[in-house]
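Quantities reported herein were computed from a predicted structural model and do not represent experimental measurements.
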Amino acid sequence: QVQLVESGGGLVQAGGSLRLSCAASGLTFSSYNMGWFRQAPGQEREFVASIRWTGGITNYADSVKGRFTISRDNAKNTVYLQMNTLKPEDTAVYFCAANYRNWNAARQSEYDYWGQGTQVTVSS
């Protein structure tokens, strides 16, 4: 049974930083491309970032480019999202997801497995 468990969310002031983690189990993590998505209240879930199964190759949404960094540790079966210079518009539930086929997948339908999400709230 595949499980993706996000952690690290919380309340932070604008300009601050948070690091999200997503621990994976039940799959060969090092074979899967990983992504982060977010969903704000009343909004559709949107792509944030993705990373190739080997690491080192990444893709970002324009809205977070230069502020967020996705990384992974295949020895720990974990993917991270370092979020710096946070803005109130970054407030959302953040989800990690895994897909086997496309390292720069940006559509929800391309992902095979999903976590339950972690809340990030940025106050102004």
Which value, rounded to the nearest 0.5 Å, describes the distance between [X] atom [atom1] and [Y] atom [atom2]?
X     : Y      : atom1 : atom2 : result
Tyr94 : Glu6   : OH    : CD    : 12.5 Å
Tyr32 : Arg101 : OH    : CZ    : 8.5 Å
Ser63 : Glu89  : OG    : CD    : 9.0 Å

For residues [X] and [Y], determine if any side-chain heavy atom of one lies less than 4.5 Å from a side-chain heavy atom of the other.
X      : Y     : value
Leu20  : Met83 : yes
Phe68  : Leu81 : yes
Trp103 : Thr54 : no
Tyr80  : Asp73 : yes
Tyr100 : Ser31 : yes
Ile51  : Ile57 : no

Please name the pair of heavy atoms, one in [X] and one in [Y], separated by the smallest distance, quoted to 0.1 Å.
X      : Y      : value
Ala98  : Met34  : CB-SD, 3.5 Å
Thr78  : Lys76  : OG1-O, 2.8 Å
Leu4   : Cys96  : CB-SG, 3.7 Å
Thr85  : Ser17  : N-OG, 4.3 Å
Trp53  : Asn74  : O-ND2, 3.2 Å
Ala105 : Tyr111 : O-OH, 2.7 Å

query = Would you call Glu46 and Arg38 a salt bridge, taking side-chain N to carboxylate O under 4.0 Å as the test?
reply = yes
ask   = Are Asp90 and Lys87 ion-paired here, with the side-chain N under 4.0 Å from a carboxylate O?
value = no
query = Is there a ring pair (Phe, Tyr, Trp, His ring centres under 6.0 Å) between Tyr60 and Phe47 once you walk through the steps?
reply = CA-CA 8 Å; Tyr60 295 94; Phe47 170 77; 8.3 Å; no
Joint hydrophobic cluster, [X] plus [Y], side-chain heavy atoms closer than 4.5 Å:
X     : Y      : value
Leu86 : Val64  : yes
Trp36 : Trp114 : no
Leu27 : Val79  : yes

task = Return yes if a side-chain donor-acceptor contact under 3.5 Å exists between Glu110 and Asn99, otherwise no.
result = no
message = Given 3.5 Å as the limit, does a donor-acceptor pair link the side chain of Arg72 with the main chain of Phe29, or not?
response = yes
inquiry  = For Phe95, does the six-membered ring have the charged nitrogen or CZ of Arg45 within the cation-pi criterion, i.e. under 6.0 angstrom from the centroid and within 45° of the normal?
reply    = yes
Determine all donor-acceptor pairs shorter than 3.5 Å in which one atom belongs to a side chain in residues 115-124; sequence neighbours excluded.
| residue | atom | partner | partner atom | Å |
| --- | --- | --- | --- | --- |
| Thr118 | OG1 | Gly9 | N | 3.3 |
| Gln119 | NE2 | Ala92 | O | 3.4 |
| Gln119 | NE2 | Thr121 | OG1 | 3.3 |

